[in-house]
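Note that these values count all heavy atoms, side chains included, but never hydrogens, waters or copies made by symmetry. Throughout, protein chains are lettered first and strands after them, A, B, ... in sequence-line order, and every chain is numbered starting at 1.
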Amino acid sequence: MTSKDLQAVRGTRDFYPDDMRLRSWLFAHFREVARCFAFEEVDAPIVEHEELFTRKAGEEIVDQLYHFELHERRLALRPEMTPSIARMVLARHKQLKYPLRWFAVTQNWRYERMTRGRKREHFQWNMDIWGEESVNAEAELIAAIFSLLQRVGLGDGQVKIRVNSRALLEETLLEGVLKQRPDAFAPLCVIIDKLDKIGKEAVIDQLSDPNGDVGLSQAEAEETVSLLEIKDFEEAAARAPQDSAAIAQLRQLFDLLQGYGVMEHVVFDASIVRGLAYYTGIVFEGFDARGSLRAICGGGRYNRLLETLGGPATPAVGFGFGDVVIAELLQDEGLLPDCVRCIDAMIFPFEEEQRPAAARLATQLRAQGKSVELVMAKKKLRRVFSDAETSGAQELYLLGSDEVGRGVARLRNLQSGEECDVPLPDSLSLD
RNA sequence: GUGGAUGUAGCUCAGCUGGUUAGAGCACUCGGUUGUGGUCCGAGAGGUCGCGGGUUCGAGCCCCGUUAUCCACCCCA
């Protein structure tokens with residue numbers, strides 16, 4: 001239909017006014033929840049040095065970078081917000097007052113194959129807490145997620161959050177199969193993250209690949225995978241090392257979530273490890289209860305990220321919440337709001353002679369903060385009404401020679417149909 | 001990457017086994033006379049049928065290629 005170079009690039013979206021109203025609606029909820037939780041908004045450039053994102057743990061996110069070289073600098077569009085936030089924290093870590101509660105609503109880029117719920121650019125609501133070691137931070141973040149879900153109408157169990165702790169798995173493995181190679185833990189997590197998608201056998205194959213980053217034996221790989229199949233927290237606690245710190249933390253978190261009143265929608269799941277290498281402790285992800293969509297949001301604790309950038313050890317935890325999957329879920333559930341255009345007033349001067357008066361009235365109303373459309377072209381009154389209707393205007397001001405001569409405008413309430421004269425701004429009487 | 005489906009008006013789509021000037025609904029424009037809408041009525045505009053080849057007397061329809069979108073799988077957040 002249209003030539004290729006006139007189409008939006010594959011995997012990207014144009015936001016027309018209708019789409020944009022919906023997006024703004026969602027973002028407004030993101031921001032309002034963040035405000036209620038006393039988080040401060042930050043932002044960073046969408047383009048960063050490529051090295052900020054390239055970590056060596058076999059993460060696919062690194063292969064999916066939109067990157068380019070410009071004047072001998074290797075640059076990349078951010079695939080996620082956390083590294084940029086970490087960079088910002090690092091740059092001012094000596095003057096910042098912890099704990100930080102920061103959030104951002106950002107556009108992220110990943111070059112990947114598209115399917116339902118996955119585009120190459122998408123927006124994410126990112127909430128991070130820096131400088132808090134306790135699971136009180138995780139609890140606040142998970143509560144914030146439920147607050148958002150509640151606001152958009154998904155608070156009745158349509159979304160559940162799976163929680164696990166990488167530390168739990170790490171404790172067990174470092175005493176066992178990874179005793180000699182603790183470094184293999186991060187790449188191991190990246191592989192385990194795929195369990196749901198590629199299945200048990202494929203994960204065992206990858207873990208036991210002699211040329212891979214992990215290189216377990218077949219038996220070790222099978223043992224590892226069996227640890228992930230635990231869905232019952234008490235069973236996991238029973239199988240964990242005695243006095244396990246990870247179990248204690250999870251228990252503490254679950255108690256807290258009880259207090260926030262959200263625990264009924266939270267489940268323990270030992271297979272959740274997340275696909276990013278930097279997570280160190282508790283990890284979690286939100287998914288629709290029917291399980292028909294991809295993860296809605298996800299996050300976890302990354303206490304060593306700042307160190308890997310050369311900074312001081314700083315505990316941190318955060319999550320990302322994408323705009324695409326949530327919109328699909330809302331649509332499936334019939335919960336997308338009708339975001340119709342709605343302005344406060346339309347002003348119509350019948351003839352050009354009344355335009356100066358109309359302009360003053362518009363200026364006055366706009367100064368009051370109203371959204372006012374001043375009709376620019378000459379048109380039939382019938383047309384003006386119909387245009388006012390489609391613009392969602394509440395009021396229509398009509399200015400004919402008679403009205404302006406009397407220093408008034410005819411004001412019609414478009415809902416009730418009631419009309420009355422209202423005085424024009426004083427200065428107009430001089431005209 | 002593999003398989004399938006789709007691509008006809010601005011939008012959603014119809015178009016029987018190939019046959020004359022390609023249709024509908026919605027949207028749009030104008031009108032139903034002078035300054036009162038959302039309804040109704042009438043009229044109008046708008047399409048090289050994704051693109052390129054081929055078969056045929058004749059192609060929106062058949063064949064080949066190509067491109068885009070969607071779905072599934074593969075792959076992966």
Q) Taking the P atom of each, how far is B:rG47 from B:rA22, in whole Å? A) 13 Å

Q) Who pairs with A:T12 by side-chain contact (heavy atoms from CB on, under 4.5 Å), at least two apart in sequence or on another chain? A) A:A8, A:V9, A:W109, A:E121

Q | Spacing between A:R294 atom CZ and B:rA72 atom P, to the nearest angstrom | A | 12 Å

Q | Watson-Crick/G-U partner (both atom distances under 3.5 Å) of B:rA22 | A | none

Q: Determine the interatomic distance between P on B:rU56 and the same-named atom on B:rG18; round to the nearest Å.
A: 16 Å

Let me have the donor-acceptor pairs involving side chains of residues 313-324 of chain A, under 3.5 Å, with sequence neighbours excluded, atom names and distances please.
from: A:T314; atom 1: OG1; to: A:P312; atom 2: O; distance (Å): 3.0
from: A:D323; atom 1: OD1; to: A:F123; atom 2: N; distance (Å): 2.9
from: A:D323; atom 1: OD2; to: A:R13; atom 2: NH1; distance (Å): 3.1
from: A:D323; atom 1: OD2; to: A:R13; atom 2: NH2; distance (Å): 3.1

Q) On a whole-Å scale, what distance lies between the C1' atoms belonging to B:rC61 and B:rG23? A) 15 Å

Q) So which one's nearest nucleotide on RNA chain B is more toward 5', A:R274 or A:R10? A) A:R10

Q: Under a 3.5 Å limit for both distances, which nucleotide forms a Watson-Crick or G-U wobble pair with B:rC75, could you say?
A: none

Q. Who pairs with A:R113 by side-chain contact (heavy atoms from CB on, under 4.5 Å), at least two apart in sequence or on another chain?
A. none

Q: Output all residues satisfying side-chain hydrogen bond (donor to acceptor under 3.5 Å, both in side chains) with A:E69, sequence neighbours left out; order by chain, then residue number.
A: A:R74

**Q.** Spacing of the C1' atoms in B:rG7 and B:rA45 (rounded, Å)
**A.** 25 Å

Q: For B:rG25 versus B:rU20, give the span between their C1' atoms, rounded off to a whole number of Å.
A: 26 Å

Q. Are a donor atom and an acceptor atom from the side chains of A:E389 and A:S391 found within less than 3.5 Å of each other?
A. no

Q: Please list, chain by chain and in numerical order, all residues satisfying salt bridge (charged side-chain N to carboxylate O under 4.0 Å, His left out) with A:E133, sequence neighbours excluded.
A: none

Q: Applying side-chain hydrogen bond (donor to acceptor under 3.5 Å, both in side chains), name anything that partners A:R301, two or more places apart in sequence or on another chain.
A: A:E138, A:N303

Q: Return the value, rounded to whole Å, for the distance between atom OH of A:Y16 and atom C1' of B:rA27.
A: 16 Å

Q | Nucleotide opposite B:rC40 in a Watson-Crick or G-U pair, distances under 3.5 Å | A | B:rG32

Q) Tell me: CZ of A:R383 to C1' of B:rG31, nearest whole Å? A) 12 Å

Q: Tell which nucleotide pairs with B:rA14, taking only Watson-Crick or G-U wobble pairs whose two distances are both under 3.5 angstrom.
A: none

Q) Can you give one letter per nucleotide of nucleotides 32-44 of chain B, 5' to 3': B if a protein heavy atom sits under 4.0 Å from the base, S if only from the sugar-phosphate, - if neither? A) B--BBBB-B----

(Q) Is it the case that the side chains of A:Y302 and A:D128 hold a donor-acceptor pair, with the cut-off being a distance below 3.5 Å and no angle test? (A) yes

Q: Using both distances under 3.5 Å as the test, list the Watson-Crick or G-U wobble partner of B:rC70, or none.
A: B:rG4

Q: Would you mind listing every salt bridge (Lys or Arg N to Asp or Glu O under 4.0 Å) that reaches into residues 265-280 of chain A, with sequence neighbours excluded?
A: A:R162-A:D269, A:K231-A:D269, A:R274-A:E285

Q) In whole Å, what separates the C1' atom of B:rU39 from that of B:rG58? A) 47 Å

Q.
Could you tell me how far B:rG60 sits from B:rA9 if I compare only their C1' atoms? Round to whole Å.
A. 14 Å

Q. Between B:rC75 and A:R118, is there an OP1 or OP2 to side-chain N/O distance shorter than 4.0 Å?
A. no

Q) Could you state the NZ-P distance from A:K378 to B:rC30, rounded to the nearest angstrom? A) 14 Å

Q.
If I take atom CG in residue A:L65 and atom P in nucleotide B:rC76, what distance separates them, rounded to the nearest angstrom?
A. 17 Å

(Q) Pairing check on B:rG65: which nucleotide meets the Watson-Crick or G-U wobble criteria with it, both distances under 3.5 Å? (A) B:rC51

Q. What is the ring orientation for A:F350 with A:F348, classed by angle as parallel under 30°, tilted 30 to 60°, or perpendicular over 60°?
A. perpendicular

Q) Taking for each residue the nucleotide of RNA chain B with the nearest heavy atom, is it A:A295 or A:D387 whose nucleotide lies nearer the 5' end? A) A:D387

Q. What integer number of Å spans the P atoms of B:rA59 and B:rA43?
A. 34 Å

Protein-nucleic acid N or O pairs under 3.5 Å, nucleotides 1-6 of chain B:
from: B:rG1; atom 1: N7; to: A:R113; atom 2: NE; distance (Å): 3.2
from: B:rG1; atom 1: N7; to: A:R113; atom 2: NH1; distance (Å): 3.4

Q | Any-strand Watson-Crick or G-U partner of B:rA27, both distances under 3.5 Å | A | none

**Q.** Donor-acceptor pair between A:S84 and A:E48 side chains, under 3.5 angstrom
**A.** yes

